[in-house]
Amino acid sequence: MQFLALLTRNTEKFADADFAPLLPGEAEQRRTLYAEGAVRQIWNRGDIPGSGMMFEAGSDADVRGHLATLPLVKAGMMDIAAIVPLNPYPGFGPKR
């Protein structure tokens, strides 16, 4: 099953300089999750500082477990705004 996770940087408590030391490790862990097949796609959000991540997982708990491995989440600098389970869109199926 696929899930869309929306993440937001906690910019009310942390300045850009606070994030900088953790960004290389964040990128590396995201690459690891991608290489393992847990993450399908990653985007930077265009509305606020943060990202969107498409997961392939068995449950919401699995997604939360993957997100918990991210350095910014561990440090409380990135908040999980939403985890949305996605179902296939039926409109592209066979015509009846």
Side-chain angles (χ1 to χ4, degrees):
M1 182 170 197
Q2 291 187 331
F3 293 83
L4 177 62
L6 292 176
L7 307 172
T8 58
R9 282 192 180 191
N10 192 341
T11 56
E12 292 181 12
K13 292 183 182 177
F14 301 97
D16 287 344
D18 298 323
F19 290 94
L22 296 178
L23 294 180
E26 181 79 8
E28 182 61 32
Q29 182 57 21
R30 287 175 183 228
R31 282 191 294 271
T32 297
L33 291 172
Y34 181 82
E36 292 173 349
V39 170
R40 295 234 176 188
Q41 295 180 341
I42 303 172
W43 306 271
N44 286 326
R45 291 183 62 165
D47 57 345
I48 58 174
S51 60
M53 299 175 72
M54 180 73 69
F55 282 88
E56 190 73 42
S59 68
D60 179 280
D62 292 339
V63 174
R64 289 184 186 280
H66 292 307
L67 290 170
T69 69
L70 298 174
L72 292 177
V73 172
K74 285 182 186 179
M77 300 172 84
M78 182 82 77
D79 298 324
I80 302 168
I83 297 176
V84 181
L86 302 172
N87 294 316
Y89 176 67
F92 294 130
K95 293 183 181 181
R96 296 182 182 211

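- Between T8 atom OG1 and M78 atom CE the span is 7.5 Å, to the nearest 0.5 Å.
- Residue Y34 holds its OH atom at 9.0 Å from CZ of R40, rounded to the nearest 0.5 Å.
- Using a 4.5 Å heavy-atom threshold, the side chains of I83 and L67 count as touching.
- Residues W43 and M54 are in side-chain contact: their nearest non-hydrogen atoms beyond the backbone lie under 4.5 Å apart.
- Distance check, rounded to the nearest 0.5 Å: CG of L33 to CD of E28 gives 10.5 Å.
- R9 has its side chain out of reach of F14: every pair of non-hydrogen atoms, C-beta onward, lies at least 4.5 Å apart.
- Cluster membership for M1 and L4, using ILVMFWY side-chain heavy atoms within less than 4.5 angstrom, is not shared.
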| request: Check step by step if side chain to side chain contact (heavy atoms under 4.5 Å, CB included) holds for I48 and T11. | output: CA-CA 10 Å; I48 58 174; T11 56; over 6 Å; no

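- In this pair, H66 and F55 present their aromatic rings parallel. The plane angle is below 30°, not in the 30 to 60° band.
- Here the side chains of L7 and D79 are not in contact, with every heavy-atom distance at 4.5 Å or above.
- Both L22 and M53 are part of a single hydrophobic cluster, where members link through side-chain heavy atoms under 4.5 Å apart.
- Residue R31 holds its CZ atom at 13.0 Å from CD of E36, rounded to the nearest 0.5 Å.
- Note on I42 and L6: separate hydrophobic clusters, where clusters join Ile, Leu, Val, Met, Phe, Trp and Tyr whose side-chain heavy atoms are under 4.5 Å apart, directly or indirectly.
- The distance from the CZ atom of R30 to the CG atom of L72 is 7.0 Å, given to the nearest 0.5 Å.
- The two atoms that bring A81 and R45 nearest to each other are CB-NH1, 4.5 Å, heavy atoms only.
- Each of L86 and V63 belongs to its own hydrophobic cluster when Ile, Leu, Val, Met, Phe, Trp and Tyr are linked at side-chain heavy-atom distances under 4.5 angstrom.
- In this structure, CE on M77 lies 10.0 Å from CD on E26, to the nearest 0.5 angstrom.
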